[in-house]
Each structure stands twice: as structure tokens, then as C-alpha cells.
Amino acid sequence: MKYIDTWDLDAVIPGGTKSPELQKKLQGIKDEIGEYETLLNAWDFSKDPSPEPFKAILKKKEEIGKGLGQSATFVQMWHDAYMDDAYANVVMGQVMDLFSEMQKLSTTFQKKLVSIQDEDWKKFLQDKELSEVSFALNETRDEGKRLLSEEEEKLIADLNQDGLAGWSRLYDTTVSTMTIPFTDKEGKTTELSVGQAMNRMYSDPDPKVRKQLFENWEAAWEKYAPIFADTINHLDGYRITLQKTHNRESFLDEPLEYNRMSKETLDAMWKAVAENKQPFINFLNQKAKIFGMEKLGWQDVDAPVALGDMKPTRFTYDEACDFVIENFASFGPKLASFAKHALENRWVEAEDRPNKRPGGYCTNLPEFEESRIFMTFTGSINDASTLAHELGHAFHSHVMRDLPQLNREYAMNVAETASTFAETIIGNATVANAKSKEEKISLLNAKLENATAMFLNIHARFLFEKSFYEERTKGVVSKQRLNELMVNAQKEAYCDSLSGYHPHFWCSKLHFFIDDVPFYNFPYTFGYLFSLGIYAEYLKNPDGFEDKYIALLRDTGRMKVEDLAMKHLGVDLTKPDFWAAGIEIMAKDAEEFIRLTDEVMNS
Ligand SMILES: [Zn+2]
């Protein structure tokens, strides 16, 4: 093999999860946290307004963050690549305890910033080093202004464990006990887990299988709906109370602030989506025609399209690596040589073997200023596209590696920019390389699955959440009403184009029960469209675009998204035009899909 498909964990910390070196490292971090606490408590701006003591605090914080990040990534890598290593969970617990010790000190840190008068603060930030990270510092200070007293915030943090986080865990536990029955052609019934049932329901080529599973699926969620109605009401009721306590006027303020974007931008994005849906509705109608249905059911939207007998393209790992590098090179030399470096230096764990967790991700080793990628490569086009996606994430971190840590923390909505961009390059290349019309159709269908998820499905989730929060602010919302709100949202988002809807989607979609951040859904559509919008700009002016692109990525952690887009692309995110240009790229795929499938069906 040209590229080795496993990563080298000993090069990070030798000796595995029981490594004495790791224990030594964790003890060192613990001591440093103690030193950090001493520095923080000793810092009194009113006595010494020079920036030096504060810079020492920031420096210590950054060192601890790097050490913790390196250790957490190392343990996570072990845990995911060797699931039979039971000790990984024990060490992860140790690392998490250290994270939460740091978390507890964050209120003290914020309170100290807030205690400085505005005038003094402005002067303070004129220091050269501090002015460089002023965006993040201002953000932390502004957020700090909402906080109650240190004691109250500590109480809230403790109560969250059994409140917000408790409700979210109750959801996970309940779902893990559920099963969905499935009866096969021989009449044998098996109980599937929720995950198994969902995968099969959306991807089985047989419409009867999808229909049976969907009916059983709805029935199972209906049975548990009283529990989930309680859960969602308490989870979001708790959150609304917290938001009010922290002086937030609207339930959208917190997610918008977290994503560093304005309400105008969010509205402009959804307006562009709503006004440009027709090509995707046409795509769904065409799929219905291919399946011989009048309209698609909810369970048919993502069904595979296999016309004729086509042999899908397969890759060896080496071929996939070369394919990705080659096509990255058509965009820019820096992206290509970075990917080559990562692949040659074993940054990727891709071996197909037992005892690995499913899925893929990219993670960072901050002490090395390098990334690592986890996935399982089985030879499909989809795997090649996952590899490109994760290399895109790694490239994003790579171009930011020399920036101060405070300028590297980007929000969820821009986190998928570089990955989606890389995936788009490879997606277009695979369609262009398809060996037959039939394969091209199947690839376009897969790409459009993404687009319909972003423009229709996530739009429905947003419409539902918005109306649910509006009603929840006034009181508890019944399960019947939750179903109604959901079906209304789905009908609006899918322009009434389906033959049936999923009333209990508010129970079955895990994203509604995540406790970390509210409105976990729209940042995905934002990220996808933001990336496509950048791609549209690239197509307009490809010459020298790579440097422009890198400059934009480097700024993702230090400004609001509106400023980011204006500075690097000269576009106004609060106007629908930019968003519409991204949608237009996918609309072309939808038109191509309809044209090709018509040709095949009429031949
Ligand atoms: Zn990603």
C-alpha cells in the first residue's frame, strides 16, 4: 500500500490508555489548574491595571487547554478505534473531571472582566496582544454581563446536571429501551433497535419494507409520546426560564448569539430557501414518478434510485487517497499538498476491522498542531467523500494553527464550511467521473439527499421549534398539539408535496433533545449554504481563489458571520441573494437528475 490506513497512537503518547506517561501528564495539568486558580484569584484590576497579570492568566489557560485537548483526543482515539479497551472510559472520566474544574473557574474569569469599567476596558484592550484577541474577550465579557452572582451561577451549573442535562439523558435512555418490530417476507418478526429501524426505513430499496417500517415506527413513538411530551416540555421550559433569568428577550437570542449571527441573516437565509424550493420539489416528484407513486411518502424521500443494473465505482484506499488529492489540486495546490501530507503521515485511521465505532470525525492534537481523522473505509464512493469531508475539517484547523487560541474558536454554523467545501469538490468530481448514466443518477440522488435534508427537512425542524417555543413560553404544550405543530411545519417545508407526514418527528429526532445548545438544527443549513455560496464565488473567479478562501477560514474564529462574508466575499448575508446563489448550484443537479432519469425511463 502507498498510504498506511491506520494511525500511530504511540507517537502521541506511548503505552495506551494505561500509560504512566498519560497519568503524569494529567497530574501536571491538575497542578497547572491550581496555578491558574491562584493567578486568577490574585488578579485585581483596581490595584494593578497593567495588562501583564491578565496576559499571564491567558497564557496559563491556553497551556491547560492544549494539554487537556491533547489528552482528551488521545483517549477518544483509543476509545473509538479499539472499543474493547474498557479502560478508555476510566481515563476519559479523569480528563472530564479536569475539564469541569476549568469550567467552574469560567464564571470567576467572566465576572472579573465585567467588573472593569467600560472606559478602562477599552484602554486595556489597546495593548497590542490583547487587541488581537479583543473579539473573543469582548464576547466573553458581554456574556458575563448577563450572569447572576457567582454563587447563583454555581448553583445553576450544579442544578443543570439534574435539570437540562438530566432531561436530555432521560431521552437517550428511553430511546435505548425502544424496539421497532419488523416482519419479513417469511412472516418472521424481529425487533429492531431504533437506529437499525431508521437506517432500513429510509434506505431499503423495497417501498413495501419502507412503508411497513414507517407505520411500526410511528406506532412505537406514539406509544412513548406521553413521556417525550413531558421531556420536551420540561427540557425547553427549563431553558426558557434560564434564558429569562439571564435577561434574554427572545428564545432565538441565545442560539443567534452563539452562532455569531443576526436575526436578519437567519430570516434572509430561510427566505431564500423558501423562495427557491421548486427544483427540489420537482426532484421529489420525479422520484415519485420513478417509483410509480403519485406522491412520495415521508419514508420514501431518501430512498435510493437504482435504474438499470449498474456497477457502482469502487476504490481501494490508495485510489481514494489519490483521487482526493488530485481533485483537491484542481482547486488549489495548498489544499492538495496538505491532504497529501496528512495521508502520508498517518493522520487517518481508516482500516475496515471489527471493534471500531461507526461514523467519522476529525479531531485535533493541539500540542502537535495537527489533526487526526477517524473513519472506516470500505471502498464506496461515499467513503471517498467522507475522507474528503474530514480532510476539509483538518485543513480548516491547519490554516488557523499559528493564530492565538482565542481566535481559533469558531461556532457551529461555520464549523462545516471547509468540510462541505471539500466534499463539494469531490462530489462534483465523482459525478463527472461516473462510468454510466445510471451511476450518475445514483450519485446525483445521493447529493440531492443532502440538499433536501438542508432545505426541506431542517426547514421543517426550524418551523416546528419556533412555533413550539412560542407556545411553550405561554404554557405546557400537549402531545396532540405537538403533533399538529409538526405536521403543519412539514407541510409548509415540503410545499405539501408528500402523500404522508411524520407527526411524531418531534419525538424521533434526537436533535430536539440536545441540552448543550438550543436550536441545534438551523446551523447545519447555514453551514451548508455558506459553503455553497463560497463555492459559487469560486466558480465566478477561480483564479487565485485559494488564498482568498484561506484568508476567510482564518477569520472564522474572530468575527461575526456578516463581517466575515463582507470582508472576504463582499457579500451581504442579510440579503437573500448570496443564499440563493448557493441553492442555485444544487438546483442544477436537480434539473440534471430529472433530465437523465427521463432519458433512461423513455429509452
Ligand atoms: Zn463535518
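Just follow the structure's listing: the first ligand is 1, and inside any ligand the first atom is 1. Only this structure's heavy atoms are used, side chains among them; waters, hydrogens and symmetry mates stay out.
If you look at Phe505 and Trp298, their ring centroids are closer than 6.0 Å.
A distance of 5.5 Å separates CE in Met198 from NZ in Lys509, rounded to the nearest 0.5 Å.
Put simply, the residue from Phe338, Tyr3, Phe395 that forms a ring-ring contact (aromatic ring centres under 6.0 Å, His included) with Trp347 is Phe338.
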Mind running ring-ring contact (aromatic ring centres under 6.0 Å, His included) on Tyr538 and Tyr535 for me, showing each step along the way?
-> CA-CA 5 Å; Tyr538 158 62; Tyr535 200 79; 5.5 Å; yes
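For Phe368, there are no ring pair (Phe, Tyr, Trp, His ring centres under 6.0 Å) partners two or more places apart in sequence or in a different chain.
Excluding waters, the protein N/O/S atoms found under 2.8 Å from the Zn ion (ligand 1) are His389 NE2, His393 NE2, Glu416 OE1, Glu416 OE2.
In summary, Glu465 and Arg461 do not engage in a salt bridge, as defined by a charged side-chain N under 4.0 Å from a carboxylate O.
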